[in-house]
Amino acid sequence: RPADGPAVSRREALGGLGALLLAVVPAYLMARDHRASSAVTAEAALAGTAEAAAIEEEDAASEVTLQEIESHIREVATRYGVSPRLVAAIIEAESSFNPRAVSRRGARGLMQLMPATASYLDVADSFDPYKNIEGGVRHLRQLIDRFDGNLPLVLAAYNAGEGAVRRYGGVPPYRETRRYVARILRRLRQERSRRRAGAVVLVSAGARGQGGGQ
């Protein structure tokens with residue numbers, strides 16, 4: 001398996017997910033809050049402040065929280081033997097953590113499942129973040145197995161389709177796909193570097209503490 005592949009220990013797989021989510025999610029949350037605020041303002045102008053407030057309250061109740069998304073990523077990824085950080089990086093690249101995202105080609109939800117793929121994976125509602133993650137991670141696991149854990153090929157197949165990867169015998173020469181693969185690999189490298197830097201700090205602090213006690 002490649003160095004960037006998904007074959008990692010459970011402790012390593014889970015350890016940095018919170019930091020990764022904190023790094024990639026705030027931009028989406030800010031954009032979401034801005035959209036919600038704009039929508040409420042428009043509703044207030046048309047239907048009155050009380051009705052707009054009720055709409056805002058209903059929307060807030062239907063929003064899945066970051067903690068719920070993180071918990072579900074951990075649970076599903078661990079169950080399928082996939083790195084949770086890889087899943088989080090894919091969701092960031094695919095939808096910026098927007099459960100209602102729809103691409104120009106019709107892909108939907110957090111992991112941007114195409115209707116045919118969602119049907120194959122028995123995902124009835126791609127806008128349901130729990131079902132979307134379940135289906136997307138199961139699809140990712142299948143690609144990992146089919147491409148022997150070669151992460152660049154797995155990511156290319158997730159983006160451009162398994163047939164395109166096999167047809168070109170590697171990452172297809174599509175600009176979008178190559179940028180997609182590079183973006184996720186870069187995000188994973190950055191996260192790995194942060195974890196290593198944190199480990200060095202902890203080791204250094206521990207060594208200083210031992211020295212002071214002697």
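Note that these values count all heavy atoms, side chains included, but never hydrogens, waters or copies made by symmetry.
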note = ring-ring contact (aromatic ring centres under 6.0 Å, His included) filter on Tyr120, not counting sequence neighbours, yields none
request  = Identify, with sequence neighbours excluded, every residue that meets side-chain hydrogen bond (donor to acceptor under 3.5 Å, both in side chains) alongside Glu94.
outcome  = Tyr180
message = Would the distance check show the side chain of Asp148 and the main-chain N or O of Asn150 forming a donor-acceptor pair, the cut-off being under 3.5 Å?
response = no
Main-chain N/O of Arg85 paired to Ser83 side chain as donor or acceptor, under 3.5 Å = yes
ask   = Nearest heavy-atom pair of Ser95 and Ala101: which atoms, and what distance?
value = CB-CB, 3.9 Å
query = Given side chains that start at C-beta, do those of Pro173 and Arg178 come closer than 4.5 Å, heavy atoms only?
reply = yes
query = Under a 4.5 Å cut-off applied to non-hydrogen side-chain atoms, are Val154 and Leu140 in contact?
reply = yes
Ser119: partners by side chain to side chain contact (heavy atoms under 4.5 Å, CB included), with sequence neighbours left out = none
inquiry  = Among residues at least two apart in sequence or on other chains, which ones pass salt bridge (charged side-chain N to carboxylate O under 4.0 Å, His left out) with Arg104?
reply    = none
message = If we ignore hydrogens and angles and just use 3.5 Å, is the side chain of Ser193 paired with the main-chain N or O of Arg189 as donor and acceptor?
response = yes
message = Taking Gln67's backbone N and O only, do any of them form a donor-acceptor pair with Ser71's side chain (distance below 3.5 Å, no angle check)?
response = no
key: For the student: nearest non-hydrogen atoms of Arg105 and Met114, plus distance   = O-CE, 3.3 Å
note = Tightest non-hydrogen contact, residues Val123 and Gly135, listed as CG2-CA, 3.8 Å
task = May I have all residue pairs that pass side-chain hydrogen bond (donor to acceptor under 3.5 Å, both in side chains) and include part of residues 121-136, sequence neighbours excluded?
result = Arg79-Glu134, Tyr80-Glu134
ask   = Leu86 and Leu151: side-chain contact (heavy atoms from CB on, under 4.5 Å), yes or no, with the steps?
value = CA-CA 10 Å; Leu86 173 60; Leu151 189 53; 3.9 Å; yes
ask   = Which pairs, with at least one residue in residues 155-165 and sequence neighbours excluded, count as a side-chain hydrogen bond (donor to acceptor under 3.5 Å, both in side chains)?
value = Arg146-Glu162, Asn159-Thr177, Glu162-Arg166
query = Distance from Ile133 atom CD1 to Glu75 atom CD, nearest 0.5 Å?
reply = 10.0 Å
query = So which heavy atom on Phe127 is nearest to which on Pro99, and how close?
reply = CD2-O, 3.5 Å
Contact summary for Pro129 and Leu110, nearest pair of heavy atoms = CB-CD1, 3.6 Å
message = Testing the basics here: between Ala89 and Arg187, what is the closest heavy-atom pair and its distance to 0.1 Å?
response = CB-CG, 4.0 Å
message = I want to check something: taking the side chain as every heavy atom from C-beta on, are Gln142 and Arg138 in contact at a cut-off of under 4.5 Å?
response = yes
task = Please lay out, stage by stage, how Val171 and Val165 fare under the test side-chain contact (heavy atoms from CB on, under 4.5 Å).
result = CA-CA 6 Å; Val171 178; Val165 173; over 6 Å; no
note = Interatomic distance, CZ@Arg74 vs CD@Glu70, rounded to 0.5 Å, equals 4.5 Å
ask   = Going by heavy atoms in the side chains, are Arg141 and Ile144 under 4.5 Å from each other?
value = yes
